[in-house]
A.B. asks: 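Quick one: the structure is below, and I'll ask about it shortly.
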Amino acid sequence: WHHQTFGPNGGQWFNNEIQHYTDDPDNSFVNNGNLHIVAKKETVTQNGVTLDYTSARLNSKFAFTYGRVDVRAKLPFGDGTWPAIWTLGKNVDEPGAYWETQGFGTTPWPACGELDIMEHGLHATNEVSCAIHTPSSFGNTVNTETFPLPDVANNYHVYSMNWSPNQITFMIDGVGYYTYNPAVKDDNTWPFDLDQYLILNVAMGGFAGNVDPNFTQSAMVIDYVRVYQNVLDTEGFTKDEVKVYPNP
């Protein structure tokens with residue numbers, strides 16, 4: 001994993017977020033086999049900018065095309081926390097991103113494609129969401145869905161994505177709840193025939209709203225991250241792909 005710490009938006013991050021991402025072991029560490037990504041209330045100056053919260057943003061040094069991703073995690077608690085499990089195109093031209101530092105940064109967002117496997121904080125508490133960002137729909141994208149869950153901070157759930165050449169299905173605890181399958185697959189709607197890489201982070205504020213004034217720290221705790229290679233069956237679906245009819 002690569003700690004992405006350089007804020008590409010004038011030393012800060014986009015979406016009006018109010019945290020710095022650091023490589024400090026207080027913000028990301030492994031304990032008892034679990035990865036902890038910890039958002040903390042602390043004033044830090046980084047990239048020439050002073051902010052009142054810190055956290056961590058990890059890029060995978062592994063990129064892949066198609067497959068199933070399973071991430072078992074508990075989410076942070078507190079208004080204004082914004083944890084995410086997601087992917088960006090390996091070709092994204094974002095300064096400080098791992099694959100950009102390796103010479104692959106050729107394509108701007110959203111043309112690189114973004115797959116949000118799990119976000120929490122954009123809707124009601126205990127309501128997670130998935131989303132897809134492409135040139136055809138990005139930012140406040142129409143390609144999104146929510147899923148209510150009991151007590152996401154204290155209960156582990158498995159957040160999954162099954163990505164094939166045909167469609168992308170998002171699942172929680174093995175239940176498919178949103179499938180993306182545009183009728184026309186071109187660069188505008190489907191920049192998803194090229195490598196993507198995983199990102200794990202906890203943002204603060206921004207689109208997640210105001211931070212609880214009593215917030216001190218909270219963590220996303222990850223039991224595992226698993227990526228499986230897909231093998232097509234005779235129907236053209238992947239053997240482990242959830243077939244959802246009609247599209248929710």
Side-chain angles (χ1 to χ4, degrees), residues 1-24 27-28 37-60 63 75-76 78-102 104-123 128-144 146 161 188 191-192 194 196-211 215 218 220:
W1 294 94
H2 165 79
H3 285 90
Q4 189 176 354
T5 61
F6 177 76
N9 185 25
Q12 296 181 238
W13 294 87
F14 299 104
N15 305 318
N16 300 316
E17 297 167 27
I18 55 175
Q19 83 290 325
H20 279 309
Y21 292 125
T22 83
D23 58 4
D24 191 309
N27 291 121
S28 58
I37 298 178
V38 184
K40 300 178 63 178
K41 185 174 184 178
E42 60 177 344
T43 301
V44 169
T45 300
Q46 185 171 287
N47 306 320
V49 176
T50 301
L51 296 173
D52 292 330
Y53 298 91
T54 62
S55 186
R57 176 178 171 127
L58 304 183
N59 299 182
S60 68
L75 307 184
D79 291 345
T81 58
W82 184 3
I85 300 166
W86 54 302
T87 73
L88 280 175
K90 178 180 173 179
N91 56 2
V92 66
D93 65 351
E94 184 174 83
Y98 174 72
W99 290 101
E100 192 274 343
T101 69
Q102 304 303 301
F104 291 92
T106 61
T107 305
W109 184 90
C112 63
E114 175 180 328
L115 300 169
D116 296 331
I117 301 170
M118 186 289 302
E119 294 180 276
H120 182 252
L122 301 179
H123 303 279
V128 299
S129 58
C130 65
I132 291 181
H133 300 272
T134 66
S136 64
S137 182
F138 59 91
N140 189 23
T141 179
V142 300
N143 301 313
T144 183
T146 61
M161 173 183 72
N188 196 43
F192 300 121
L194 299 172
Q196 298 260 317
Y197 67 95
L198 283 161
I199 302 170
L200 308 172
N201 70 283
V202 179
M204 296 294 294
F207 294 153
N210 294 328
V211 178
F215 178 87
S218 189
M220 176 161 63

A.B. asks: Tell me every residue that passes side-chain hydrogen bond (donor to acceptor under 3.5 Å, both in side chains) with N15, counting only those two or more places apart in sequence or in another chain.
C.D. replies: E17
A.B. asks: Identify the heavy atoms of V202 and Y21 that sit nearest to each other, and give their distance.
C.D. replies: O-CE2, 3.5 Å
A.B. asks: Side chains of L88 and I199: does their closest heavy-atom pair fall under 4.5 Å?
C.D. replies: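 Yes - at least one pair of side-chain heavy atoms lies under 4.5 Å apart.
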A.B. asks: Could you work out, with salt bridge (charged side-chain N to carboxylate O under 4.0 Å, His left out) as the rule, every residue matching E114, not counting sequence neighbours?
C.D. replies: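 Partners of E114 by the salt bridge (charged side-chain N to carboxylate O under 4.0 Å, His left out) criterion come out as none, since no residue qualifies.
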A.B. asks: Compare all side-chain heavy atoms of V142 with those of T144 and state whether any distance is below 4.5 angstrom.
C.D. replies: no
A.B. asks: For residues 201-210, which residue pairs pass the salt bridge (charged side-chain N to carboxylate O under 4.0 Å, His left out) check, not counting sequence neighbours?
C.D. replies: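 Passing the test, one end in residues 201-210: no pairs.
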A.B. asks: If you look at every heavy atom in P8 and P95, which pair is closest and at what distance?
C.D. replies: CB-CD, 4.0 Å
A.B. asks: For D52, what residues pass the side-chain hydrogen bond (donor to acceptor under 3.5 Å, both in side chains) criterion, not counting sequence neighbours?
C.D. replies: T43
A.B. asks: So which atom in S55 and which in I37 form the shortest heavy-atom distance, rounded to 0.1 Å?
C.D. replies: OG-CG2, 4.2 Å
A.B. asks: My understanding is that only one of Q4, Q19, H2 makes a side chain to side chain donor-acceptor pair (under 3.5 Å) with R57; could you say which?
C.D. replies: Q4
A.B. asks: Find out whether F192 and T134 are in side-chain contact, i.e. whether some heavy atom of one side chain is under 4.5 Å from a heavy atom of the other.
C.D. replies: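 When only atoms from C-beta onward are counted, T134 and F192 do touch, with a gap below 4.5 Å.
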A.B. asks: For S60, enumerate each residue passing the side-chain hydrogen bond (donor to acceptor under 3.5 Å, both in side chains) test, keeping only those at least two apart in sequence or located in another chain.
C.D. replies: none
A.B. asks: So, T54 and E42: side-chain donor and acceptor under 3.5 Å apart, yes or no?
C.D. replies: yes
A.B. asks: Got S136 and N188 here, is their nearest side-chain heavy-atom distance under 4.5 Å?
C.D. replies: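 Yes, close enough: below the 4.5 Å cut-off.
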A.B. asks: Quick one: side chain to side chain contact (heavy atoms under 4.5 Å, CB included) partners of H3, sequence neighbours excluded?
C.D. replies: T5, D23, S28, L58
A.B. asks: Suppose we screen for side-chain hydrogen bond (donor to acceptor under 3.5 Å, both in side chains). Which residues come up paired with Q12, at least two apart in sequence or across chains?
C.D. replies: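 Counting only residues at least two positions away or on another chain, Q12 forms no side-chain hydrogen bond (donor to acceptor under 3.5 Å, both in side chains).
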A.B. asks: Any side-chain heavy atom of E100 sitting closer than 4.5 Å to one from V92?
C.D. replies: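 E100 vs V92: side chains apart.
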A.B. asks: Apply side chain to side chain contact (heavy atoms under 4.5 Å, CB included) to F138 and list each qualifying residue two or more places apart in sequence or on a separate chain.
C.D. replies: W109, P110, H133
A.B. asks: Compare every heavy atom of A39 with every heavy atom of M204, then report the nearest pair and how far apart it is.
C.D. replies: SD-CB, 3.7 Å
A.B. asks: Compare every heavy atom of L75 with every heavy atom of P83, then report the nearest pair and how far apart it is.
C.D. replies: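 Nearest heavy atoms, P83 then L75: CG-CB, 4.3 Å.
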A.B. asks: Under 3.5 Å, is there a donor-acceptor pair between the side chain of N91 and the main chain of T107?
C.D. replies: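 No: the side chain of N91 does not pair with the backbone of T107.
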A.B. asks: Who are the side chain to side chain contact (heavy atoms under 4.5 Å, CB included) partners of A63, not counting sequence neighbours?
C.D. replies: K90, W99, D195, Y197
A.B. asks: Roughly how far, to the nearest 0.5 Å, is the CD1 atom of I117 from the CD1 atom of I85?
C.D. replies: 7.0 Å
A.B. asks: Applying salt bridge (charged side-chain N to carboxylate O under 4.0 Å, His left out), name anything that partners K40, two or more places apart in sequence or on another chain.
C.D. replies: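 In terms of salt bridge (charged side-chain N to carboxylate O under 4.0 Å, His left out), with neighbours along the sequence ignored, K40 is linked to D26.
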A.B. asks: Are the side chains of L51 and Q46 in touch, meaning some heavy atoms are under 4.5 Å apart?
C.D. replies: no
A.B. asks: OG1/T87 to CG/L200 distance, rounded to the nearest 0.5 angstrom?
C.D. replies: 11.0 Å
A.B. asks: Which is it for N27 and T22 under the side chain to side chain donor-acceptor pair (under 3.5 Å) test, yes or no, and what are the steps along the way?
C.D. replies: CA-CA 7 Å; N27 291 121; T22 83; 2.6 Å; yes
A.B. asks: To the nearest 0.5 Å, how far apart are CZ in F6 and CD in E94?
C.D. replies: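 So the CZ of F6 and the CD of E94 are separated by 10.0 Å.
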A.B. asks: Can you list the residues that meet the side chain to side chain contact (heavy atoms under 4.5 Å, CB included) rule with L122, with sequence neighbours excluded?
C.D. replies: W82, E119, S129, F207
A.B. asks: Do W13 and I18 have side-chain heavy atoms sitting under 4.5 Å apart?
C.D. replies: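 W13 vs I18: side chains apart.
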A.B. asks: Among residues at least two apart in sequence or on other chains, which ones pass ring-ring contact (aromatic ring centres under 6.0 Å, His included) with Y53?
C.D. replies: none
A.B. asks: Just so I know, are the side chains of D93 and F104 near enough to count as touching, which here means a heavy-atom distance under 4.5 Å?
C.D. replies: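 Sidechains of F104 and D93: no contact.
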